[in-house]
Structure formats: C-alpha cells, structure tokens
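Data first, discussion second: the structure below is written as structure tokens.
To find a chain, count down the sequence lines: A is the first, B the second, and so on, and within it residues start at 1.
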Number of protein chains: 2
Amino acid sequence: MPRLVQHRLDPASRLARLMLAEYGVPVDLEDIKPWTREPQLLEINPAATVPILIEDGEPPVVGVLAVINAIEANHAPSAVAGLFPARARERAETWRLLEWVLMKLNDEVTRYIIEEKIVKRDRRGATPEPGVLRVAKANLVEHMLYFNWLFATRHWIAGDSMTLADFALAAHLSSLDYLGDVSWDTSVETRQWYARIKSRPAFRTLLNDRVVGMPAAAGYADLDF
Amino acid sequence: MPRLVQHRLDPASRLARLMLAEYGVPVDLEDIKPWTREPQLLEINPAATVPILIEDGEPPVVGVLAVINAIEANHAPSAVAGLFPARARERAETWRLLEWVLMKLNDEVTRYIIEEKIVKRDRRGATPEPGVLRVAKANLVEHMLYFNWLFATRHWIAGDSMTLADFALAAHLSSLDYLGDVSWDTSVETRQWYARIKSRPAFRTLLNDRVVGMPAAAGYADLDF
C-alpha cells in the first residue's frame, strides 16, 4: 500500500489525499511536523516540505508537484477520466488555477495562517502575530471575491468539469475552514461550490481529521454549513 | 507564430524561452512590465504574472505551469525526447527540483532581487532596501551550496540527462547573473554545469538580452566566465 508522509492540516498534503481518495487508492498516512526538520525528513527532502509519496520498490516522490503528477500517472483510471482535462484549453486553465492556489493563495494567505496558528502553537514561547493574521485574512477576502466571480459563471473552477484545480482550492479552503478563517456568509458562490465538493466521498477522509488540542471550527465537517 | 508575453529578466519567462528555443520554435516576444498592472494584462491574467503564451486560434495560456505544460505537449519532438524524462523516477526528480526552483529559490532569493533591483528602479521615488538584498543574497549562498552538492555527483541536476529542471535553474541563475548577484568563484560545481548549459544554442536568445539603462554584469554573456 502506498504511504503518504504528510501533515493533516497542510493543504498540499490534503490535495494529495483528495486525489488518492478520488481514484480509490488506499493509503497509509504518516503524520509528521515538517517544521521540526527531523534528520530523517531532511535526508529525503532537504526542503523539509510535505507531501512525500512512497510506493513499493520506488524512491520517494517528493513535493506537491511531483506527487500530483505521480498519482495522476499511476492511478488515474484513464487519461480522459483523470483530474487533468484532456482538451488543451481546459488543461491550461486547470494549470493556471493550480498555480493560483499553490503559489498565490498559498503565498498570500495559507502559509501565514498555518505558520501563525499551527507552527507557532507548537513552538515553546512563540505567539501568533495579530498583524500577520490580519493581513492574511484581508488577502483571503480578495481571493474569495475572485473565486466568487469565477463560480458565478462556472460549475467548477476551471469550467464544466471537476479538475485538480477544484481539489487544490478545496484543500486550501478546508485547512482554513478547520481553523475558522473562512467567512462563508459573504461568499455565496464559493460556498455553493464548496458544499458540492465537500459532499463527495473523497472528501470524507479530510472531514474526520482532528488535531489534538485544537478542535475544528463549527461547521467544518457539516455538509450543510 | 506563437507570441510570448514576457519580461526579459523574469526567470519564468526565460524558462519558457529556453524551452521554445530548445524545441526550435520561433516566437514573437512581447516585452511588458507586469508590475505596472496594465488593464490589458489584468484582463487576461488577474494575477498579473508572466509568461503568457498565445498560439493561433487558442485562448492565452497563462502562468509558468500552464505554459511549460503547453510547450511540452505541443512542441516536444516526442514523449521520450522531451525535457520531461520518460522514466517515473527521473520524472519525479525533475518535478521535485522544478518545485525547488519555481517555489523555494524564487521565494527566498529571486523574487526579492527582482523586486528590489528591477521593479523599484521603475518606480519613482522607490529605492532598494539593502537589508532585503542582504538576506536574499545570504539565502542564495545556501542554495548554491545545495546545487554544488548535487552537481558533485550528477552531470545534470536531476540525473544523467538534461531536463526542464536544468532550464529552470539556468533561467533563475541567468537573471541573477545579469544583475551581478552570483558568486561563481565559490561555486565550482555549479559553475561547470552553468558553462555547459550556457553554451547550448538555446541559450543564445537570453545572452543577447539587454535592459535599457542597466548593463549586464561582466561575464554575463561570456561562455568562458
């Protein structure tokens, strides 16, 4: 069985788990804290990031770009039934929005909220910076406006079909939602899309996650939130 | 002929140009300043990033991940002769190092140096922050140590064959080298690799680039530097 080295609130790890669940691939989850930079982690990945996918007899697949490409190549039911659309223009739109989520949303919102609320909680004497959280949440408002604008005319984020870009955005929003940082009241279009993707069987694995000593925000696991 | 909307010292644009040149695809270059956020740019790409690839009769392909995947799909001579290795483990290593360059090296070094030296130079009254440049250059030293360590045992960065990860790293280092920020004296292994990749015909397009009022650092275009 493949093994996924991950952190349960890390959005890149959640993206890998959503893909594996969607493709019906059972997986052993090994939860680590990448920010503690244990020597065993650094030996496999000097960047000290997760996810890392380990399949029998193969060297570890390291980092979110390598992992999503490996899962797609090894486990998609077929090239046309996978999470990357077959047609060039939908494929380009999927990559554009993947980059938006993995690079822009992550850089402007998610990485700061994870750092302040999860990593610092784990470091003796460290306390979250209210100023950083305030900026990250203001940035999230701008991102949600853009997603609302997209979902006003699209059933899924890259067009008519669900793609990996939907899973990437859902992975990030689910981490932020666990921490209580998503204002669903003011994001009607994105909320409708999130309710739809949240009710997919693949999503169940994420909704059962709990971090010790840090309960999920109200509504996190409710399909009717 | 395809058109590439780009900035000549933007490393992601340089990566796209290296790929196109390697595959022998002539391209019209349209040089813009993405940081001025012109309405025509924002309409195509609300993230205000380059490169953007425009091929006849197709909608624009936006962002570095979409562009590299589109160039590979449309212009690689064959799946085995392209810049993504055919074997799974080399492919995973290529994606790992692409992520290293596009996300980690960019986040810790290149984006700061471009912002301080190129973007601020273009903004009336803005001056580079010496503290930011100092941190970015200290980070670059750490990255070079890692690249030296890799090149001590590898001919190309992901293994025995040249891959897209080599082009990504070369694109970033060439921008930094134009600005005089690479200490080649202390990076013997990486310098040997850079001399090799710099002498490929595909590299010529970059070596002829000049930014008005900002001459290239000594040695930028020399094959023997």
Side-chain angles (χ1 to χ4, degrees), chain A residues 12 42 44-49 51-55 57-74 79 84-108 111 142-143 145-147 149-150 158-159 164-165 168, chain B residues 12 42 44-49 51-55 57-74 79 84-108 111 142-143 145-147 149-150 158-159 164-165 168:
Chain A
L42 294 179
I44 301 177
N45 182 13
T49 56
I52 298 169
L53 179 68
I54 299 166
E55 304 220 37
E58 289 291 327
V61 175
V62 173
V64 66
L65 294 182
V67 166
I68 63 180
N69 278 282
I71 295 173
E72 187 69 13
N74 298 341
F84 283 105
R87 280 186 66 204
R89 61 179 66 188
E90 283 92 23
R91 212 173 166 90
E93 184 66 350
T94 299
W95 276 112
R96 177 179 81 84
L97 291 161
L98 265 177
E99 181 171 324
W100 188 294
V101 172
L102 299 182
M103 294 165 79
K104 190 173 169 67
L105 179 64
N106 191 59
D107 277 2
E108 295 172 359
R111 64 156 48 167
E142 297 299 316
H143 279 270
L145 287 174
Y146 181 56
F147 302 139
W149 181 80
L150 288 175
L164 197 59
Chain B
L42 293 178
I44 300 176
N45 182 12
T49 55
I52 299 169
L53 180 69
I54 300 167
E55 304 220 37
E58 288 292 326
V61 175
V62 173
V64 65
L65 294 183
V67 166
I68 62 180
N69 278 282
I71 295 172
E72 186 69 13
N74 298 341
F84 283 105
R87 280 185 66 203
R89 61 179 67 190
E90 282 92 24
R91 210 173 167 89
E93 184 66 349
T94 299
W95 277 112
R96 177 179 83 82
L97 291 162
L98 266 177
E99 181 171 324
W100 188 293
V101 173
L102 299 182
M103 293 163 80
K104 190 173 169 65
L105 179 64
N106 191 58
D107 277 1
E108 295 171 359
R111 65 154 50 168
E142 296 299 316
H143 280 269
L145 287 174
Y146 181 55
F147 303 139
W149 181 81
L150 287 175
L164 197 59

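Among all heavy-atom pairs drawn from Arg89(A) and Gly57(B), the shortest one is NH2-O, 3.8 Å. Of all non-hydrogen atoms in Ala66(B) and Ala92(A), the two that sit nearest each other are CB-O, 3.6 Å.
The greatest number of non-hydrogen atom pairs below 4.5 Å with chain A, out of Arg91(B), Arg96(B), Glu93(B), is found for Arg96(B). Among Pro46(A), Ala70(A), Pro60(A), the residue with the largest count of heavy-atom pairs under 4.5 Å with chain B is Pro46(A). Chosen from Val64(B), Val61(B), Leu53(B), the residue pairing most often with chain A at heavy-atom distances under 4.5 Å is Val64(B). For chain B, the option among Leu97(A), Asp107(A), Leu98(A) with the highest count of heavy-atom pairs below 4.5 Å is Asp107(A).
Taken from CH2 in Trp100(A) to CG in Asn45(B), the straight-line distance is 7.0 Å, to the nearest 0.5 Å. Distance check: Thr49(B) OG1 to Met103(A) CE gives 8.5 Å after rounding to the nearest 0.5 Å.
Both the backbone and the side chain of Ala47(B) have a heavy atom closer than 4.5 Å to some heavy atom of chain A. Looking at Asn74(B), there are no atoms closer than 4.5 Å to chain A (heavy atoms on both sides), in backbone or side chain. In this structure, chain B has no heavy atom under 4.5 Å from any part of Val67(A). Using a 4.5 Å cut-off between heavy atoms, Asn106(A) does not touch chain B at all.
Looking at Leu102(A) and Glu99(B), their side chains never come closer than 4.5 Å, going by heavy atoms from C-beta outward.
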